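A short worksheet on the structure shown next.
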Amino acid sequence: MSERSIYTPVDAKVSFPALEEALIERWRDERIFERSLEQREGDAEWVFYEGPPTANGRPGLHHVEARTFKDFFCRFQAMRGRYVFRKAGWDCHGLPVEIEVEKELGITEKRQIEEEWGIEEFVKRCRESVQRYVGDWDKLTERIGFWIDLEDAYWTMSPEFVESVWWILKSIWDKGLLEEDFKVVPYCPRCGTALSSHELAQPGAYKDVHDPSIYVRFPLADEPDVALLVWTTTPWTLLSNTLAAAGEDIEYSKVADPQLPGKFLILASALTEKVLGEDIEVIDRFPGKDLIGRSYTPPFGYVPAAEGAHIVLAGDFVTTTDGSGLVHIAPYGVDDMTLIRGQNLEITSTVDASGKATVDPFAGMWVKDADRKIVEDLQSRGLMFKVEDYLHSYPHCWRCHTALLYYPRKDWYVRTSQIRDQLQASNEAVNWQPPTIKYGRFGDWLANNVDWSLSRDRYWGTPLPIWRCEQGHHTCVGSFAELSDLSGQDVSGLDPHRPYVDEIKIDCPRCTATAQRVPFVIDTWFDSGSMPFGQWHYPFENTGLFDKRFPADFISEAIDQTRGWFYSLLAVSTLVTGRSSYNNVVCLGHIVDEDGRKMSKSLGNVIDPWAVCNEQGADALRWLMLSGGSPWSARRVSVSIIEESLRKYLLTLWNTYSFWVTYASLEGFDPTAQDIPIAERPEMDRWIAAELDDTIRVVTEALEDFDATTGGKRLDRFVDDLSNWYVRRSRRRFWRSGEDRDTQCAFQTLWECLVTLSQLSAPFTPFVTDEIYMNLMRPVSEAPDSVHLSDWPVASDDRRDDELRQRMRLVRSLVGLGRAARTDAKVKVRQPLQRALVVIPPAEAGLVAGLEALVADELNVKSVEPMTGIGELVTYTVKPNFKTLGPRFGSRMRSVAQAIASADPEALVDQLDNAGSVTVEVDGASETLTAGDLDVRIEGRAGFSLAREGAYGVALDLDITDELRAEGTARETIRAIQDLRRSSGLAVEDRIELWITWDDAEAGEAVRSHWQWIAGEVLASTTHVGEDPLGDTSTDHIDTDHGRVVIGLRRA
RNA sequence: GGGCCCAUAGCUCAGCUCGGUUAGAGCGCACCCCUGAUAAGGGUGAGGCCGAUGGUUCAAGUCCAUCUGGGCCCA
């Protein structure tokens, strides 16, 4: 290494994990994140909202995915000059937390909480539970380079956050949209609470289960020999059978009961065969409306006989896809409840809140257990027609996996269905990524919006701030100050959770009776949906900050949040402000394993993010997430896929960087010493600069558009161009003397590319890019202390050169053809050849001008010449260009194609070359076609080896003269010496003493005649031509075309 | 039962918005090359009736319909 080196030597065998950890230290020590914010203070804000995770478990790979995307766009916008405030947040409340604590305490039934532990202790443990893993989250967040303010995170359990939620609820109350109502809700009997519809939308909620499928006889009251054949899969609901429903437009049949001679059954005609088999004696057929209003005898007597009960009603939900076309109605279904209400009937429930039957002889039995008893009971009374097994998908509690019951309860609702239009209007203003979700999954959800079931009969949550007096008056409290006023005591220091808040009594403002808080807490999704307000304790504090940072420019979560956070955010802010709280949302797919299966502990296919960070590094993981395929489709992740992402991009980038630093150190190059304008640099430099410029344009546009993949793909291609074409072609330019202007251009160009590339890649792979940027920029005094403090690169017309890019594309495809020709002829590149003959359409011939030397060098030929006398070597095919001719000729296209096919191709090509256009006869009319209308292709004539593609071709002159063969031998010798240098452990800049002998005169002549060249290439300062190597040298030999050559060398 | 997404090389995925007659990458595989980035790098090649069937069109991987298989969501 030169003493003049100003760059830190680069280890080609880099350990990315170690490098990343060192950078985390540096960023922390030098406050890089804080400074990245400080330097943008006062600039236009770009607002990000963090969807708060529940930190009561360790973060997994899917969390890394979401956090990578969040970080990515924020970093990009920050480099673009925006002030991007990033406040972390934690979702603290809710059933998941309670379940976790229940497990810890060994609680299996809800009542144990109050009876055995007490609410105070239980809630205290919930609070501890959500704090337990925050340290793990913080560590991983830092490790993957997610820059977010963890110090000043919002916690949904903080009194300030709770107060903001109260304020929101009060404003909804004031609009008359917060009400108590009787509704059928999915209810978890184990957790003892109703579940919201978006809790039902959680992954894993629906599971296939086996239930009994039973057909029961409901004898008609006035015709006891005839029974309605009623179908249900929940026998326990028969205990409170209230009504039956039929489809008005469905045809029904009266058939002989195959089990009871002399009796009859009624069921839908379409289902008779399915239910009864083939031997059916049909007595009568009639439309469903004939059944409406008829009375029947219910299977049980628990529901009191009343006017309007136990009759058949019309139900538009009745279908003939399953069952019998006759549906039993009990208050355990949404449709059911509507019918029962319509009859003004009392609701009779035979099941209690823990899912146990309340009527003898079934009292105390868990309903699913009671099913069997009920079936037996019906059988003994001759009412049971048939019992089958029914496999269907049924909702379960997403946390405790208990099968849910649909249960009528009094609960508190937010009347979101009344503002459905507003919700849809809010959504209208949101930009969704991918766009299909906007009117698809999410739009449908809004269009079918149902009221938000808000209250939860639980302990750990934001308490519903509604106080009820003995008269039944309700008072909604919107702040702690208001509660202090109403209660006559200062509650400002109070923990606003159960059980403390339950002890605060107020005087009812309407009747002065004592009022007590209703015992509910609220759906935790309402908390997270309130974070735009709650994170600032709005409107009690920070109103200025809120105004500046509402709505968000960007949020991102996985697709399962469509009905979770994406909905709760939109709904809460629409309720409060009338608009959406986010403008852009990037929706991510799930992480699945290599085989497309979900990652789960039971399958043992979970990838631990820490293991990946320690083995491959966070950059590799981030790069894969951001650049590998559509983010919203399920993403297959495996260790080998991550390793591939590492090798393909990061290592190539690193090698290129390492190459530059190695030679810049050797040559003592200073990128700031001299600035040669782009226009004055060689074509190769102008080409890569043009590619760089295009990359800036494409990446910037893609990232502005929330499209990480397109940006990543462009960077990937640029790195490939840079490493595998620019550096490969320019290598020698880096090892001449430092004064040479061409060398200066090369160093400068590659330096610029690497610096800009490090900036463009910085949001993707923040670690390695900072390492590269810093080492390259260190000599530049005014450079910022991190790539993340630098400004995003701007495209420039100085660098832009689309024509040069096109020319290089052409050259590279000619080189590819030349290589194919060599492979075909089995002549290795090391053997020089005299000529390459190229075929290019005349219109494009000019494009190659000036780049022939490049092609020649790459193909190791002495010259590149246009092929003449082509006619003898190739045949032409001329095809129509359908893209231009199709629209012009429409249905006549077929005739045009025929005319072209039947014309003589050589003549057409001649005409084109001479006149620039051709004339063909189409259906009697003359049509003029230009070069663009025709697609000319060539084929090699038989017996001549030619690599060709479309209208391009390359042929090689395979005549190897003695001279060429000698040069090939010399080259072979050089390669062998270089090999020996390396295997002897010499450094690239070491000079050597070289011995060389041979046992063949021709080989000797080949070596002698190229001796200067050989010695120069291998840095031989002392040479012994024709002498046997001494004993202490490294030796090797090569078998050339001529004969054996022996070489020996040692450090000079 | 309804809605949405997906189906392209052995594997992982582009391309489909806006139809054009020769469908692209990477991995893997075969063969080969390069050697002053070297426990790296590169090239060439084989490998596809673009899930199936109909339809629209001069022309369909691309648009439409139906179906099959997989996934997600809802009832």
Side-chain angles (χ1 to χ4, degrees), chain A residues 10 12-13 197 200-201 203 205-206 317 319 321-322 334-335 392-395 434-437 439-445 448 559-560 562-563 589-590 592 594 596-598 628-630 632-636 638 640-641 643-645 647-648 651-652 654-663 666 709-710 713 716-717 720 723-725 727-728 731-732 734-735 815-824 826 828-830 860 879-887 889-897 935 937 947 949-950 974-976 978-979 981-983 986-990 1017-1019:
Chain A
V10 175
K13 280 172 277 176
S197 43
L200 237 66
Y206 277 79
F317 48 86
T319 68
T321 47
D322 271 313
V334 178
D335 293 325
H392 62 153
S393 156
Y394 193 81
T436 48
I437 298 197
Y439 298 115
R441 192 174 282 203
F442 195 70
D444 286 346
W445 168 250
N448 299 311
I559 192 157
D560 53 277
T562 314
R563 287 148 202 226
H590 289 124
V592 295
E594 246 175 329
R597 293 174 310 177
K598 215 167 127 172
S630 313
W632 41 83
S633 47
R635 186 185 294 277
R636 296 187 183 207
S638 68
S640 66
I641 291 174
E643 271 169 357
E644 191 187 318
S645 126
R647 272 217 322 280
K648 203 52 210 152
L651 274 182
T652 311
W654 188 263
N655 278 337
T656 310
Y657 156 70
S658 149
F659 172 87
W660 189 91
V661 172
T662 302
Y663 290 101
L666 280 178
T709 314
T710 300
K713 284 193 190 310
D716 197 41
R717 219 184 77 215
D720 189 67
S723 165
N724 294 327
W725 191 248
V727 172
R728 196 154 69 85
R731 226 181 274 159
R732 306 181 73 91
F734 290 88
W735 60 78
V815 167
L817 290 171
R819 287 203 188 104
R822 267 193 182 269
T823 303
D824 198 38
K826 298 197 187 345
K828 52 180 70 167
V829 180
R830 213 179 293 149
N860 194 18
K879 291 196 161 190
N881 178 355
F882 288 87
K883 199 161 187 171
T884 60
L885 297 177
F889 291 103
S891 59
R892 291 169 63 215
M893 191 60 228
R894 191 159 282 173
S895 313
V896 176
D935 185 3
R937 293 164 196 183
E949 185 176 5
I974 291 171
R975 192 198 63 78
Q978 302 290 28
D979 235 14
R981 280 183 62 114
R982 182 152 314 101
S983 57
L986 297 186
V988 293
E989 69 273 19
D990 284 339
E1017 284 291 306
V1018 302
L1019 301 182

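Worth saying up front: this structure is predicted, and the values here are computed from it rather than measured. Every chain is numbered from 1 and lettered A, B, ... according to where its sequence line falls, protein lines coming before strand lines.
- Remark: aromatic rings of A/Trp654 and A/Tyr657 are close, center separation under 6.0 Å.
- Applying the side-chain contact (heavy atoms from CB on, under 4.5 Å) test to A/Val829 and every residue at least two apart in sequence or in another chain returns A/Arg822, A/Asn860.
- For A/Arg728, the salt bridge (Lys or Arg N to Asp or Glu O under 4.0 Å) partners at least two apart in sequence or on another chain are A/Glu858.
- Separation of the P atoms belonging to B/rC32 and B/rG70 is 44 Å when rounded to the nearest angstrom.
- In RNA chain B, the stems built from three or more successive Watson-Crick or G-U pairs (distances below 3.5 Å) are B:1-7 with B:68-74, B:10-13 with B:24-27, B:29-33 with B:41-45, B:51-55 with B:63-67.
- Within the model, atoms CZ of A/Phe889 and CZ of A/Arg894 stand 15.5 Å from one another, a figure rounded to the nearest 0.5 Å.
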(message) The test is side-chain contact (heavy atoms from CB on, under 4.5 Å); show your working for A/Ile974 and A/Val1018 and say whether it passes.
(response) CA-CA 7 Å; A/Ile974 291 171; A/Val1018 302; 4.1 Å; yes
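- Going from the P atom of B/rU8 to that of B/rU62 covers 14 Å, rounded to whole Å.
- For B/rG20, the OP1/OP2 oxygens have no side-chain nitrogen or oxygen of A/Lys879 closer than 4.0 Å.
- The gap from the P atom of B/rC33 to that of B/rU22 amounts to 34 Å, rounded to the nearest Å.
- Residues passing the salt bridge (Lys or Arg N to Asp or Glu O under 4.0 Å) test with A/Arg975 are A/Asp979, sequence neighbours excluded.
- With sequence neighbours excluded, the residues satisfying side-chain contact (heavy atoms from CB on, under 4.5 Å) with A/Thr656 are A/Leu722, A/Ser723, A/Val727, A/Leu750, A/Leu754.
- Residues A/Pro887 and A/Ser891 each lie close to RNA chain B; by heavy-atom proximity, the contact nearer the 5' end of the strand is made by A/Pro887.
- Taking A/Leu1019 as the reference, A/Arg981, A/Arg991 meet the side-chain contact (heavy atoms from CB on, under 4.5 Å) condition, with sequence neighbours excluded.
- Residues forming a side chain to side chain donor-acceptor pair (under 3.5 Å) with A/Ser658 (at least two apart in sequence, or on another chain): none.
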Identify the pairs formed between an N or O of the protein and an N or O of nucleotides 25-30 of chain B at a distance under 3.5 Å, and give each distance.
| unit_1 | atom_1 | unit_2 | atom_2 | d |
| --- | --- | --- | --- | --- |
| B/rG26 | O2' | A/Glu644 | OE2 | 2.7 |

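- Distance check on atom C1': B/rC50 versus B/rA60 gives 11 Å, rounded to whole Å.
- Residues meeting the ring-ring contact (aromatic ring centres under 6.0 Å, His included) test with A/Phe442, sequence neighbours left out: A/Trp432.
- In this structure, A/Met893 places its CE atom 12 Å from P of B/rC58, rounding to the nearest Å.
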Is there any protein nitrogen or oxygen under 3.5 Å from a nitrogen or oxygen in nucleotides 35-38 of chain B, and what are the pairs?
| unit_1 | atom_1 | unit_2 | atom_2 | d |
| --- | --- | --- | --- | --- |
| B/rU35 | O2' | A/Arg982 | NH1 | 3.4 |
| B/rG36 | OP1 | A/Gln978 | NE2 | 3.1 |
| B/rA37 | N6 | A/Ser723 | O | 2.6 |
| B/rA37 | N6 | A/Ser723 | OG | 3.4 |
| B/rA37 | N1 | A/Ser723 | OG | 3.0 |
| B/rA37 | N3 | A/Asn655 | O | 3.3 |

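- B/rG20 and B/rC63 have their C1' atoms separated by 14 Å, with the value rounded to a whole Å.
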Polar atom pairs (N or O), protein with nucleotides 2-4 of chain B, under 3.5 Å:
| unit_1 | atom_1 | unit_2 | atom_2 | d |
| --- | --- | --- | --- | --- |
| B/rG3 | O2' | A/Asp444 | OD2 | 3.0 |

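- To the nearest angstrom, P of B/rC18 lies 14 Å from NZ of A/Lys883.
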(request) Please assess A/Trp725 against A/Val815 for the test side-chain contact (heavy atoms from CB on, under 4.5 Å), listing each intermediate value before the final yes or no. (result) CA-CA 11 Å; A/Trp725 191 248; A/Val815 167; 4.1 Å; yes
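- A distance of about 15 Å separates the P atoms of B/rU35 and B/rG42, rounded to the whole Å.
- The minimum heavy-atom distance linking A/Phe734 with A/Phe659 is given by the pair CD1-CE2, 3.7 Å.
- A distance of about 12 Å separates the P atoms of B/rA25 and B/rA46, rounded to the whole Å.
- Scored by the side chain to side chain donor-acceptor pair (under 3.5 Å) test, A/Gln978 finds no partners at all (sequence neighbours excluded).
- Heavy-atom distances to RNA chain B give each of A/Thr884 and A/Gly890 a nearest nucleotide, and the one nearer the 5′ end belongs to A/Thr884.
- In this entry the distance linking CG of A/Asn860 with P of B/rG43 reads 18 Å, nearest Å.
- A pairwise comparison of heavy atoms in A/Pro880 and A/Met893 identifies CB-CE, 4.1 Å as the closest pair.
- Taking atom P in both B/rG61 and B/rU12, one finds a spacing of 23 Å when rounded to whole Å.
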